[in-house]
Amino acid sequence: MENRITEITAVVKRAAEAAGFDLSGIAPASDSRELKHFPEWIAAGHAGEMKYLESRDEQGELKRGSLARVAPWARSVVVCAINFNTDHPYSTQMHDPERGWISRYAWSREDYHDAVLDRLKQVEAALRLGVPSHLQPDLTTRSYVDTGPIVERVFAKYAGVGWIGKNTCIINQKKGSWLFLGVILTSLELEPDLPAPDRCGTCTRCIEACPTDAILAPYKLDSNRCIAYLTIEKRGSIAEDLREGMGRHVFGCDICQDVCPWNRKAPASTAPEFQARPGLVNPALAWLAEMSVEEFRETFRGSPIRRTKRSGLRRNAAIAMGNSGNPEFLPLLDKMAADEDESLAEAAHWARSRLKMNQ
Ligand code: B12
Ligand code: SF4
Ligand code: SF4
């Protein structure tokens, strides 16, 4: 059986490459020291309103704290990673006060959940085919991109895909951190890889560059302060003391990755799904703010940007205009301040006062 396991492990890795993944590796399904931080993180309230991260089993234990609770049958985790970087500037290089920032991962033509899951299913199928037929009835596999009860980055580290950076992102020495992750849990005990060593060293650039001080300490992020959370996940009003730090971000944030030295030479992907849609790199704020229901639907069909909904995107655009220092937005903000959408109107009021104060 040992030879067979070596063979299946090789089949899985070849299948990952054939499916277009840039990196893949195998982690044991066991608990690790990093997972011990998960309950502390939840208890400190760092998940904000993302209640799904707090789901518990019948014993009241956090599901994501251990794979043994949600998939006791799992022996290995296949972790695959794909580069979504494209050849466009970093947010830290763009200063046009009429324009905002959509996070690099969200420019894509296809929602990454679908694009990565399609590929992952190919790897899962190859794994299943590699197992001798008499063992097939006992074989269990499950593929997840984001949505499974698993802290993917911890397993990515143990699969050797990359280390967990101080900004909490998985970084690969050759590819950088512009990576999507996908995981396959399996009841097979595949040959594990070695964990990726931490190469952050004494660097603290991401912590210093974060405009809302969301990285409380190395490897510890408070979602409540993170612009990615505020612009994508947070519904309704955004706390006033964080708005200034949001700058001109309208969906997600890339700063702690833009400043990371390991992304200086990050390669660009050629996958068609991850190429940028027209208008999304450094988009015009007025365009986003004035988008009709119809245009929002058309522009963001099959895009991860749908998650914040039109209401969230316009709220974010209003805050970004307030931070732009550009008084030309005042007439548009007057209009938005009278909108029936309360959080939009309130954000527009704030933005208007801020622009007037700075005139
Ligand atoms: C919830 C979530 C978020 C939240 C919370 C982020 C966070 N840091 O936890 C928000 C909305 C803020 C977010 C933002 C982003 N996300 Co997100 N997110 C997730 C999701 C769904 C769950 C993450 C989770 O469980 N967090 C809980 C915390 C506790 O886990 P963690 O940060 O991974 O922390 C572990 C380690 O840091 C660790 N640890 C390790 N060493 C040490 C040492 C010490 C001393 C301590 C204290 C802790 C510690 O402890 C934790 C585990 O217990 C995952 C998908 C998944 N299912 O895993 C995607 C995921 C992590 N996100 C992803 C991406 C791309 C992003 C963004 C880049 C998007 C954007 N540009 O806007 C940003 C990045 C912001 C950042 N710096 O992390 C990718 C990450 C890819 C990568 N290269 O790492 C993932 C894996 C999705 C995917 N399938 O590709 N995300
Ligand atoms: S994504 Fe932006 S706000 Fe969130 S930790 Fe990184 S730099 Fe800070
Ligand atoms: S900026 Fe520096 S400390 Fe932060 S993740 Fe990159 S290498 Fe690590």
Side-chain angles (χ1 to χ4, degrees), residues 23 31-42 44 46-50 52-54 62 64-66 79-85 91-92 101-106 112-113 116-117 120 144-157 161-173 175-183 198-234 242 245-247 249 251-264 304 307:
L23 301 158
D31 295 348
S32 56
R33 68 187 163 87
E34 284 79 5
L35 277 180
K36 293 207 173 74
H37 296 295
F38 186 75
E40 292 162 19
W41 190 82
I42 294 289
H46 296 327
E49 292 168 17
M50 297 180 290
Y52 69 95
L53 294 173
E54 300 182 26
L62 287 163
R64 284 174 171 74
S66 169
V79 183
C80 297
I82 191 159
N83 169 16
F84 62 81
N85 186 31
S91 66
T92 41
W101 193 256
I102 289 176
S103 182
R104 188 162 286 270
Y105 87 90
Y112 74 90
H113 296 96
V116 181
L117 194 62
L120 212 52
Y144 297 112
V145 179
D146 248 21
T147 49
I150 168 168
V151 187
E152 291 172 1
R153 298 198 271 205
V154 170
F155 292 91
K157 171 190 167 172
V161 163
W163 73 95
I164 299 174
K166 290 180 191 171
N167 60 8
T168 77
C169 292
I170 282 291
I171 309 172
N172 178 274
Q173 199 180 353
K175 308 271 176 186
S177 70
W178 307 115
L179 299 167
F180 290 129
L181 303 179
V183 293
D198 189 328
R199 295 182 194 274
C200 281
T202 55
C203 174
T204 50
R205 276 169 210 243
C206 51
I207 301 174
E208 283 146 26
C210 175
T212 48
D213 297 326
I215 309 172
L216 304 178
Y219 318 103
K220 198 180 199 181
L221 181 139
D222 182 359
S223 302
N224 297 292
R225 301 191 69 84
C226 176
I227 299 166
Y229 169 79
L230 295 172
T231 55
I232 304 173
E233 306 292 335
K234 178 80 181 76
L242 294 171
M246 286 168 65
H249 287 89
F251 188 89
C253 169
D254 294 332
I255 294 176
C256 57
Q257 296 184 84
D258 285 350
V259 300
C260 180
W262 294 97
N263 280 337
R264 248 182 239 150
R307 186 163 176 90

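Both ligands and their constituent atoms are indexed starting at 1 by order of listing.
Of the protein's non-hydrogen atoms, the one nearest atom 29 (C) of ligand 1 is W41 CD2, 3.2 Å. Protein heavy atom at the shortest distance from atom 8 (Fe) of ligand 3 is C200 SG, 2.3 Å. In this structure, atom 42 (C) of ligand 1 lies nearest to the protein heavy atom Y219 CB, 3.5 Å. Considering only non-hydrogen protein atoms, atom 7 (C) of ligand 1 sits nearest to R153 NH2, 3.2 Å. Scanning all protein heavy atoms for the shortest distance to atom 6 (Fe) of ligand 2 gives C256 SG, 2.4 Å. If you check which protein heavy atom lies closest to atom 7 (S) of ligand 3, you get W262 CD1, 3.5 Å. Regarding atom 3 (S) of ligand 2, its nearest protein heavy-atom neighbour is I227 N, 3.1 Å. Of all protein heavy atoms, the one lying nearest to atom 90 (O) of ligand 1 is L181 N, 2.9 Å. Here the protein heavy atom with the shortest distance to atom 5 (C) of ligand 1 is S223 OG, 3.5 Å. Of all protein heavy atoms, the one closest to atom 5 (S) of ligand 2 is L221 CD1, 3.5 Å. Here the protein heavy atom with the shortest distance to atom 71 (N) of ligand 1 is S103 OG, 2.6 Å. For atom 2 (Fe) of ligand 2, the closest non-hydrogen atom of the protein is C253 SG, 2.3 Å. In terms of protein heavy-atom proximity, atom 4 (Fe) of ligand 2 is closest to C226 SG, 2.4 Å.
Put simply, part of Q257 is less than 4.0 Å from ligand 1, judged by heavy atoms. For the ligand labelled ligand 1, residue Y52 lies inside the 4.0 Å heavy-atom shell. Taking a 4.0 Å cut-off on heavy atoms, M50 registers as neighbouring ligand 1.
You'll find the side chain of D146 reaches within 4.5 Å of the side chain of Y112, heavy atoms only. At least one side-chain heavy atom of I255 sits less than 4.5 Å from a side-chain heavy atom of H249.
In the candidate list L216, I150, V154, V154 is nearest to atom 35 (C) of ligand 1, counting heavy atoms. Nearest to atom 36 (C) of ligand 1 by heavy atom, out of I164, L53, D146, is I164.
Residue S177 has at least one heavy-atom neighbour below 4.0 Å for each of these atoms of ligand 1: 83 (N). Of all atoms in ligand 1, listed by their number and element, those nearer than 4.0 Å to a heavy atom of A228 are 14 (C), 72 (O). Residue-ligand proximity, C206 to ligand 3, at heavy-atom distances under 4.0 Å covers atoms 1 (S), 3 (S), 4 (Fe), 5 (S). Each of the atoms 81 (C), 82 (C), 83 (N) of ligand 1 lies under 4.0 Å from some heavy atom of L179. For ligand 1 and G252, the ligand atoms under 4.0 Å from any heavy atom of the residue are 72 (O). Contact atoms of ligand 3 toward C260: 1 (S), 6 (Fe), 7 (S) (distance under 4.0 Å to a heavy atom of the residue).
At under 3.5 Å, a nitrogen or oxygen of T168, whether backbone or side chain, sits near a nitrogen or oxygen of ligand 1. Geometrically, ligand 1 and F38 share a nitrogen or oxygen pair separated by less than 3.5 Å. For a threshold of 3.5 Å applied to N or O pairs, the pair formed by E34 and ligand 1 contains at least one separation below that value. Close N/O approach between I170 and ligand 1 is found [any backbone or side-chain N/O within under 3.5 Å]. Taking only nitrogen or oxygen atoms, main chain and side chain alike, E152 reaches within less than 3.5 Å of ligand 1. In terms of N/O distances under 3.5 Å, ligand 1 is approached by C253.
The main-chain N or O of C203 is found under 3.5 Å from a side-chain atom of K166 such that the two form a donor-acceptor pair. No side-chain donor-acceptor contact under 3.5 Å links D31 to the backbone of S66. Between the side chain of N172 and the backbone N or O of G162, no donor-acceptor pair lies under 3.5 Å. A donor-acceptor pair under 3.5 Å is formed between the side chain of W41 and the backbone N or O of L221. Without hydrogens or angle criteria, S103 side chain to D254 main chain gives no donor-acceptor distance under 3.5 Å. Proximity of a side-chain donor or acceptor of R153 to a complementary backbone N or O of I164 within less than 3.5 Å is not detected.
Considering every non-hydrogen atom in both A156 and L181, the closest pair reads CB-CD1, 3.9 Å. The two residues W163 and C200 make their nearest non-hydrogen contact at NE1-SG, 3.3 Å. Considering every non-hydrogen atom in both C256 and I215, the closest pair reads CB-CD1, 4.1 Å.
Distance check: S177 OG to N83 CG gives 10.0 Å after rounding to the nearest 0.5 Å.
Residue L221 touches ligand 1 through its side chain alone, judged by heavy-atom distances below 4.0 Å. Residue contacts with ligand 2 for N167 are absent, since no atom lies close enough (heavy atoms, distance under 4.0 Å). Contacts between D254 and ligand 2, counted as non-hydrogen atom pairs separated by less than 4.0 Å, are absent for every part of the residue. Contact annotation: for I227 versus ligand 1, there are no heavy atoms closer than 4.0 Å. Contacts between Y144 and ligand 1, counted as non-hydrogen atom pairs separated by less than 4.0 Å, are absent for every part of the residue. Contacts between P261 and ligand 3, counted as non-hydrogen atom pairs separated by less than 4.0 Å, involve the side chain only. Of the heavy atoms in D254, only side-chain atoms (C-beta onward) come closer than 4.0 Å to ligand 1. With a heavy-atom cut-off of 4.0 Å, I171 touches ligand 3 through its side chain alone.
Residue contact annotation: C210 places no N/O/S atom under 2.8 Å from atom 6 (Fe) of ligand 2.
For the pair R307 and E233, the salt-bridge criterion is met [side-chain N within less than 4.0 Å of a carboxylate O].
Just one residue in the list D222, N224, I227 forms a side chain to side chain contact (heavy atoms under 4.5 Å, CB included) with T212, and that residue is I227.
There is a protein heavy atom less than 4.0 angstrom from atom 14 (C) of ligand 1. Inside a 4.0 Å radius of atom 76 (C) of ligand 1 there is at least one protein heavy atom. Counting protein heavy atoms under 4.0 angstrom from atom 23 (C) of ligand 1 gives zero. Atom 52 (C) of ligand 1 is approached by the protein to below 4.0 angstrom, counting heavy atoms only. Within the 4.0 angstrom cut-off, atom 62 (N) of ligand 1 has no protein heavy-atom neighbours. There is no protein heavy atom closer than 4.0 angstrom to atom 66 (C) of ligand 1. There is no protein heavy atom less than 4.0 angstrom from atom 17 (Co) of ligand 1.
Aromatic ring orientation, F180 versus Y105: perpendicular (interplanar angle above 60°, classes split at 30° and 60°).
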